[in-house]
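To start, the structure itself, in structure tokens.
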Amino acid sequence: MTTGTADAGLLARDARVIAGVEKLRFFPLAVVSGSGHTLVEEDGRELIDLSASWTASGFGHGEPTIAAAVACAMVDAPGASILSATHPEAVALAEELLALVPGRVPDDERRVYLGHAGTDANDVAIRGCRHATGRPGIIAFENGYHGGIGTAQRVSGVHVACGVPADPDVVLLPYPDVYRPHTGDAATVVDDVLARVEAELVRGTTAAIIVEPVQSDGGVIVPPDGFLAGLRRLCDAHDARLIVDEVKVGLGRTGRTHAFSYDGIVPDVVTLGKALGGGLPLSAAVGPADVLDAPIASALMTTTGNPASCAAGRAVLEIVRTGDAVANVSDRGAQLRALLERYAVTERPGARHVGDVRGRGLSLGVELVGDRESRHPASDLTAKAVYRAWELGVVAYPVRGNVIELTPPLTITADAVDAAAEILARAIDDAATGVVTDERIAPFHGW
Ligand SMILES: Cc1ncc(COP(=O)(O)O)c(C=O)c1O
């Protein structure tokens, strides 16, 4: 029996059969294949991907060594789960993760939770910290993103701001943003946040702080030096655990294996996801046994640790260990950033709307504003710019309304970066000069 209508086009068929009024669509993108940093549409048109599926294809689409490892794992697969039977791929992946991620307790007191998504890894980490400390409180940050359902969602500032009920025991504090300082003064943001964190910790009810080392969906905000180190110090002083959510920027995206290492800290629990699966669903929480062995931390999902995802994860870790892709990040990140900064100081029509170009490695953000003095967020312009970029051949999505997030596959080439930067600049110019009408972007809800 055939399903669907072959000539209807993927988007029309998708609208008919796949649920979700809140699909995060910014332009009518339907892709039939991908390779490296290239996505191919139904009519064969090639696009440069500056999102990498929100970083889940972190090492490129269809990466050959990952594809081969997955194919191999599916032959004579030892089941599909580690719930009631262990198997070599899962154990080896956990061993390799323990070797890659630093810990604060001896290795034989550390564990790895294997999950499907950043959401369940964070959920498990939070529940485990609550159990281990016997405390309910969680400190998280406004505009933070830790998951799309459950506790991970209810401690995510982005969701709470949109009306999702907050976890009853979460306290959301400002994240230190030097472009939009909540104190009004970039120099005081870190001290102010740390003072607020401490005021909460002294109550003695906090189990853990959960924090992104770069606040990605909240606007690609790199915290000033000393922020994570301050959180580490305060957690130690008040017996709280520090969960660093590396789901989006871990495994090389910032130019280092772990983004938290820029502030010289070692977290209690590190969560990984997205790129870890090399395109397949896979996540991990790496932390102490008292957190991750807690019965309440267990997520009990049947396909947890399935051999194909674990094999993909092991192939990804091998790519990280060999270092070539991660070495590419610094060069390509600096190149992309410099091209955008150069555009911002030209007399071109969109340039004056570039309020800030920021980020770390290949986690970059271009914040569009009405004008540089008011810094008024130009969300409508941003929606039109990403739409136009797609028309011109680049895929990039906005975060927090007015920031174009650039997270290409870490393997992107110099030529592709040159081409993509010029397309982005032209797209911003065209959006600023009215080339994209309100009607064209109206069907796309975005965030
Ligand atoms: C920092 C961070 N943590 C966790 C998540 C949730 O990951 P997933 O969507 O795979 O559940 C995301 C997703 O965007 C994220 O950016």
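We're numbering straight along the sequence, starting at 1. Counting convention: from 1, in listed order, for ligands and their atoms alike.
- Scanning all protein heavy atoms for the shortest distance to atom 13 (C) of ligand 1 gives K274 NZ, 3.0 Å.
- In summary, D217 and K248 engage in a salt bridge, as defined by a charged side-chain N under 4.0 Å from a carboxylate O.
- Side-chain N/O atoms of T271 and N122 include a donor and acceptor closer than 3.5 Å.
- Close approach of ligand 1 to D245 (heavy-atom distance below 4.0 Å) involves ligand atoms 1 (C), 2 (C), 3 (N), 4 (C).
- Residue G118 has at least one nitrogen or oxygen atom sitting less than 3.5 Å from a nitrogen or oxygen atom of ligand 1, judged on distance alone.
- With a 4.0 Å cut-off on non-hydrogen atoms, D217 touches ligand 1 through its side chain and not its backbone.
- Proximity of H182 to E142: side-chain heavy atoms (C-beta onward) are nowhere separated by under 4.5 Å.
- Interface of T119 with ligand 1, defined as ligand atoms under 4.0 Å from a residue heavy atom, comprises 6 (C), 7 (O), 8 (P), 11 (O).
- Looking at heavy atoms from C-beta onward, W54 lies in side-chain contact with L24 at the 4.5 angstrom threshold.
- In this structure, L93 and E89 have side chains that are not in contact, with every pair of non-hydrogen atoms separated by 4.5 Å or more.
- In N122, the part holding a heavy atom less than 4.0 Å from any atom of ligand 1 is the side chain.
- For ligand 1 and Y145, the ligand atoms under 4.0 Å from any heavy atom of the residue are 1 (C), 2 (C), 3 (N), 4 (C), 5 (C), 6 (C), 12 (C), 13 (C), 14 (O), 15 (C).
- By heavy-atom distance, the residue among K248, H146, Q215 lying nearest atom 16 (O) of ligand 1 is K248.
- The backbone N or O of H116 sits less than 3.5 Å from a side-chain atom of S283, completing a donor-acceptor pair.
- Less than 4.0 angstrom separates some heavy atom of E212 from each of these atoms of ligand 1: 1 (C).
- If you look at Y145 and H159, their ring centroids are closer than 6.0 Å.
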